[in-house]
Amino acid sequence: GKLKEVKRTGWVRSGVQGAESVADHMFRMAMISFLVGPKEGLDKDKCIKMALVHDVGEAVIGDLVIVGEKDKQDKITKEEKQKMEPKWLR
């Protein structure tokens with residue numbers, strides 16, 4: 001349940017009302033992945049798996065923003081964020 005509670009930081013900082021949670025985002029990405037396939041040159045199963053686990057590290061380190069507008073980013077590099085994530089996630 002922790003990912004249900006973590007709101008997408010970029011949305012919150014941009015003032016989006018009712019910002020989706022990380023769990024909501026992961027679920028939507030997985031559902032979108034069902035729509036892709038060989039016609040698009042993509043491996044549907046791999047896309048679904050990636051969508052379901054790509055933000056799991058945020059349960060440990062939070063939703064750190066490292067791209068986008070500088071004033072909305074966390075003061076951390078991509079490399080520093082990766083070091084904080086569990087090793088099994090890499």
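Legend: residues meeting side chain to side chain donor-acceptor pair (under 3.5 Å) with Ser21, ordered by chain and number and at least two apart, are Asp24. For Leu52, the side chain to side chain contact (heavy atoms under 4.5 Å, CB included) partners at least two apart in sequence or on another chain are Ala30, Ile48. Partners of Phe27 according to the side chain to side chain contact (heavy atoms under 4.5 Å, CB included) rule, which considers only residues two or more places apart in sequence or in another chain, are Met31.
Among pairs with a residue in residues 33-49, none fulfils side chain to side chain donor-acceptor pair (under 3.5 Å), at least two apart in sequence or across chains. Residues in residues 14-23 take part in these salt bridge (charged side-chain N to carboxylate O under 4.0 Å, His left out) pairs, two or more places apart or across chains: Arg8-Glu20, Glu20-Arg28.
Looking at every heavy atom in both residues, Lys7 comes nearest to Ala19 through CD-O, 3.2 Å.
His25 NE2 to His54 NE2: the interatomic distance, rounded to the nearest 0.5 Å, is 3.0 Å.
Note: the hydrophobic cluster containing Val53 also contains Val22 (ILVMFWY, side chain heavy atoms under 4.5 Å, direct or indirect links).
Apart from Val16 itself, the hydrophobic cluster it occupies contains Trp11, where clustering links Ile, Leu, Val, Met, Phe, Trp and Tyr at side-chain heavy-atom distances under 4.5 Å. Other members of the hydrophobic cluster containing Val36, listed by chain and number, are Leu42; membership follows side-chain contacts under 4.5 Å among ILVMFWY residues, whether direct or relayed.
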